[in-house]
Peer 1: 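First the structure, which I've put down as structure tokens, then a few questions once you've had a look.
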There are 2 protein chains.
Amino acid sequence: MAILERIHLAIIREVEAQGSLTAAAKQLNLTQSALSHAITKLESQIGVDIWRREGRSLKPTQAGEFLLSIANRLLPQLTHAEERLRQFAQGERGTLRIGMECHPCYQWLLKIVAPYLDLWPKVDVDVRQKFQFGGIGALFGYEIDMLVTPDPLFKPGLHFTPVFDYEQVLVVGPDHPLRDVQFVAPHQLAEETLITYPVPADRLDIYTQFLTPAGISPRRHQPIETTDIMLLMVAHGRGVAALPRWLVEESAGTFNIHPVRLGQDGVAKQIFLGLREADAEIDYIRAFIKLASTSKDPYRILEKI
Amino acid sequence: MAILERIHLAIIREVEAQGSLTAAAKQLNLTQSALSHAITKLESQIGVDIWRREGRSLKPTQAGEFLLSIANRLLPQLTHAEERLRQFAQGERGTLRIGMECHPCYQWLLKIVAPYLDLWPKVDVDVRQKFQFGGIGALFGYEIDMLVTPDPLFKPGLHFTPVFDYEQVLVVGPDHPLRDVQFVAPHQLAEETLITYPVPADRLDIYTQFLTPAGISPRRHQPIETTDIMLLMVAHGRGVAALPRWLVEESAGTFNIHPVRLGQDGVAKQIFLGLREADAEIDYIRAFIKLASTSKDPYRILEKI
DNA sequence: TCCCCACATGAATCATATTCATTGAATTAT
DNA sequence: ATAATTCAATGAATATGATTCATGTGGGGA
């Protein structure tokens, strides 16, 4: 009845990675013959070829492509399950895999994780930043257990909790004309170089909440990967950036940078912690959320003017 | 290296379903002994017990619960993969599993599926309505391939296409005082019995787009499962309901019911077809969307007043 | 054209999953 | 209480089938 076994998925995956059956066999600690037999049997049982044998090269057939996608989806979940079981055996509770969809939150996260690791010595923490299908997909796909995001999604199956509020501000260098103004208006950025993380404009609050509503675009838009380089560029007058106020104030010692309010009322932001509803009762996950929530105060909340 | 096999997951799942090892073994066409050996070996390899043996009854341990959740998640995907492979073998293309998050859309869907089945004889269609983690979760979890919903979600990994627009109207019986008014105002429903599908109020447009903004609640709220009974109740003066105008007009021959516009401008609605981005290129899926989109016209679009 | 490399194949072997037979323990009936 | 019954565990025997070894075939590069 059941014909598709783990080994088949592993073979299909490894063949794709190695490009040949022989190489895949070696990688899986099998002989070439064993692998060949296994695949032959599988192909005869399902009644379809998995690869098109074009001379010596192997191209996956439609069924092969399909199996490959299954393998890539299910095998990681199986190996992760085994890891967790091994952790259970050693008295550990598990690994909390945290996904980040908010670049500057990394600093904040570190401040939560540090005490958490002490409070929960039996729980490991892992932080990931890249997801093939976005943070939500990673949650649903069991790639991560928790998601740090400015962008909650109130849907069945998921649960989001706000964990901290902050003000998004413009960051300018020491010689910048806007350095000492009370607040900046959108049109004042029309001739600026705007430095942002390399994500689409509709995921950047400076656009969605400030520039776009006013119909303004900056003169130039410069994507930068890391926060430090971004701040360095700003400090040296190469442009302006939009970042959390607390980050700017913390970095003010290292870089010569200055925060400026965006608009008269400022841009208020909230960061959420998302998780699968099924996990909501797990003690070490609840504890993390609680810890993250009670840490609201360390950072300056946007005061209402 | 790899210890967790499909058989183990199947056993864990079946033991939960049957309540005893012996019964589970019978179900899986194994002897009790074989199953016992398999589990003993697995437990020794992972180093944790899977059940707490309290006398003769079995309670899953923490690890057991964990494995059970893995089994419930992964086994259906494996069996579905095998089904698809079998379909490949028979020259079929696959099964399009459509999820519905929109009760009255069922009628509309039938009108799309009927010609689709003729156009794509090698593709089967399956329609599902219950999802443990909501429609989005079902898409991400590969329980369905397409989602019919009024509630799109523009996130990486998913793709939503609007497929038809319609007007949501109030349905009243033949003797109802509101039967012949031009349109109804929220406060006019304050003394009514409102019949809806059994879903939370925040998922019902009559609340979110009409009653709640005006701060009105109906006198009574009556949940009903099926559209036919709902219409029957309305026709016999037991209450009013909110449904698509096209549905009301189609059913007007069978039931003595009448549509009334909700508010001066009416309540406009859109239905979306959602799918995984990874599937967006599959020909028979594209074809379905195209077919669904070109069918926009059959139903009366909400005219702007 | 020759050689090498990659895959396929059949028979032999080996591993291990499954069964059979039996025991002990827990539950139910008498 | 005690017997009968049900269920799970265990060890040895067996059978299944996965893996290896030895060998063959064919394509592509020198």
Side-chain angles (χ1 to χ4, degrees), chain A residues 1-61 63-65 67-68 71 75 78 82, chain B residues 1-61 63-65 67-68 71 75 78 82:
Chain A
M1 197 78 246
I3 50 190
L4 202 53
E5 292 297 330
R6 186 172 178 176
I7 187 73
H8 299 127
L9 298 180
I11 289 173
I12 286 160
R13 204 167 189 231
E14 198 60 46
V15 168
E16 177 73 10
Q18 300 292 331
S20 88
L21 299 191
T22 310
K26 202 170 294 172
Q27 204 66 28
L28 295 167
N29 293 318
L30 289 176
T31 58
Q32 172 267 321
S33 179
L35 192 149
S36 178
H37 280 300
I39 288 297
T40 306
K41 184 171 180 191
L42 176 65
E43 286 182 328
S44 86
Q45 284 189 112
I46 63 179
V48 215
D49 280 2
I50 295 170
W51 297 283
R52 182 162 332 222
R53 276 93 169 162
E54 290 175 350
R56 86 191 334 166
S57 77
L58 298 172
K59 294 254 179 274
T61 62
E65 294 281 5
L67 278 170
L68 193 56
L75 285 179
L78 281 172
E82 286 177 344
Chain B
M1 197 76 245
I3 50 190
L4 201 53
E5 291 298 329
R6 185 172 178 175
I7 256 287
H8 300 126
L9 298 180
I11 290 173
I12 286 160
R13 203 168 189 231
E14 199 60 47
V15 168
E16 178 74 9
Q18 301 291 332
S20 87
L21 299 192
T22 310
K26 202 169 294 170
Q27 204 66 27
L28 295 168
N29 294 317
L30 287 177
T31 58
Q32 172 267 320
S33 181
L35 192 148
S36 177
H37 280 302
I39 288 298
T40 307
K41 184 170 180 190
L42 176 64
E43 286 182 328
S44 86
Q45 284 189 111
I46 64 179
V48 215
D49 280 2
I50 295 170
W51 296 284
R52 184 169 330 239
R53 275 95 166 162
E54 289 174 350
R56 87 192 330 165
S57 78
L58 299 172
K59 294 254 179 277
T61 61
E65 294 281 6
L67 278 170
L68 192 57
L75 284 180
L78 281 173
E82 285 177 344

Peer 1: Between A:E43 and A:I50, is there a donor-acceptor pair closer than 3.5 Å when you use the side chain of the first and the backbone of the second?
Peer 2: yes
Peer 1: Decide yes or no for A:I39 and A:L21: does some side-chain heavy atom of the first lie under 4.5 Å from some side-chain heavy atom of the second?
Peer 2: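 They are not in side-chain contact.
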Peer 1: Without decimals, in angstroms, what is the distance between B:I39 CD1 and C:dT16 P?
Peer 2: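 My rounded result for the distance is 18 Å.
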Peer 1: Are the side chain of A:T40 and the backbone N or O of A:S36 linked by a donor-acceptor pair below 3.5 Å?
Peer 2: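 It does hold such a pair.
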Peer 1: Remember a base hit wins even if backbone is also touched, and classify B:T22 as base, sugar-phosphate or nothing at under 4.0 Å, heavy atoms.
Peer 2: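 Sugar-phosphate: the residue B:T22, judged by heavy atoms under 4.0 Å, touches backbone atoms but no base.
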Peer 1: Indicate yes or no: at least one non-hydrogen side-chain atom of A:H37 is less than 4.5 angstrom from one of A:K41.
Peer 2: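 Not touching, per the 4.5 Å side-chain cut-off.
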Peer 1: Any chance you could lay out the side-chain contact (heavy atoms from CB on, under 4.5 Å) test for A:R13 and A:E16, step after step, and finish with the verdict?
Peer 2: CA-CA 5 Å; A:R13 204 167 189 231; A:E16 177 73 10; 5.9 Å; no
Peer 1: Figure out the CD/P separation between B:Q18 and D:dC7, and round it to whole Å.
Peer 2: 12 Å
Peer 1: Within the structure shown, what part of the strands sits under 4.0 Å from B:S36 by heavy-atom distance: base, sugar-phosphate, or nothing?
Peer 2: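 Base, at least one base heavy atom under 4.0 Å.
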Peer 1: Specify the separation, in whole Å, of atom CD1 of B:I3 and atom C1' of C:dA15.
Peer 2: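 Interatomic distance, CD1 of B:I3 to C1' of C:dA15: 18 Å.
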Peer 1: Tell me the interatomic distance from A:R52, atom CZ, to D:dG27, atom C1', rounded to whole angstroms.
Peer 2: 18 Å
Peer 1: Which atoms form the tightest heavy-atom contact between B:R6 and A:I3, and what is the distance?
Peer 2: NH1-N, 4.2 Å
Peer 1: First locate atom CD of A:Q27, then atom CG of A:L35, and finally report the distance between them rounded to the nearest 0.5 Å.
Peer 2: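 A:Q27 atom CD to A:L35 atom CG measures 12.0 Å (nearest 0.5 Å).
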Peer 1: Work out how much the helix from C:dT1-D:dA30 to C:dT30-D:dA1 bends between its end axes, five pairs an end, to the nearest 10 degrees.
Peer 2: 30°
Peer 1: Can you tell me if the side-chain N/O atoms of B:R53 get under 4.0 Å from OP1 or OP2 in D:dA9?
Peer 2: yes
Peer 1: Hey, does B:L78 have a side-chain heavy atom less than 4.5 Å from the side chain of A:L9?
Peer 2: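 A side-chain contact exists here, since the closest heavy-atom pair is under 4.5 Å.
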Peer 1: Along nucleotides 17-22 of chain D, 5' to 3', which nucleotides get a B, which get an S, and which get a -, given that the test is a protein heavy-atom distance under 4.0 Å?
Peer 2: -SBBB-
Peer 1: C:dA6 P sits how many Å from A:K26 NZ, rounded?
Peer 2: 8 Å
Peer 1: If we only count heavy atoms from C-beta on, is the B:L42 to B:L4 side-chain gap below 4.5 Å?
Peer 2: yes
Peer 1: Nearest whole Å is fine: how far is C:dA17 C1' from B:I11 CD1?
Peer 2: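 Interatomic distance, CD1 of B:I11 to C1' of C:dA17: 11 Å.
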Peer 1: What's the CG-P distance between B:L21 and D:dT10, to the nearest Å?
Peer 2: 12 Å
